[in-house]
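Quick caveat, the model's predicted, so the values are computed rather than measured.
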Amino acid sequence: MKPPSPISVLCDLCRQKGAAGEDPFTEIAELLDFTPVPVRAHANNWTAEHQRAFNGHP
């Protein structure tokens, strides 16, 4: 099985960029370690990666 791609992170508060799991976003990797809700195919191609991207840094 191929390891998941790093998830890019942009802090809404300070605008710092990085990747989930890397400093200073080490805690975010734990938040994103979930099983996405299964969804049927949509015209807008909503994927598990999209769900993880929207479930991130408060």
Side-chain angles (χ1 to χ4, degrees):
M1 178 182 249
K2 181 180 168 186
S5 301
I7 298 173
S8 297
V9 178
L10 172 62
C11 178
D12 288 337
L13 300 174
C14 68
R15 310 306 289 170
Q16 187 166 0
K17 295 178 183 179
E22 296 177 0
D23 192 39
F25 303 106
T26 54
E27 296 174 4
I28 292 176
E30 293 175 13
L31 293 172
L32 299 177
D33 186 22
F34 69 95
T35 303
V37 177
V39 295
R40 65 178 193 267
H42 291 278
N44 63 0
N45 296 319
W46 188 255
T47 66
E49 288 75 25
H50 289 121
Q51 288 185 45
R52 288 188 180 95
F54 281 98
N55 181 30
H57 191 52

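- Between L10 atom CG and F25 atom CZ the span is 7.5 Å, to the nearest 0.5 Å.
- Annotation for T26 and D23: closest pair CG2-N, 3.8 Å, computed over non-hydrogen atoms.
- In this structure, R15 CZ and D12 CG are separated by 6.5 Å, a value rounded to the nearest 0.5 Å.
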ask   = Given the rule in the side-chain contact (heavy atoms from CB on, under 4.5 Å) test, do V9 and K17 qualify, once you have shown the distances and angles that lead to the verdict?
value = CA-CA 6 Å; V9 178; K17 295 178 183 179; over 6 Å; no

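- Considering only residues two or more places apart in sequence or on other chains, E22 meets the side chain to side chain contact (heavy atoms under 4.5 Å, CB included) condition with A19.
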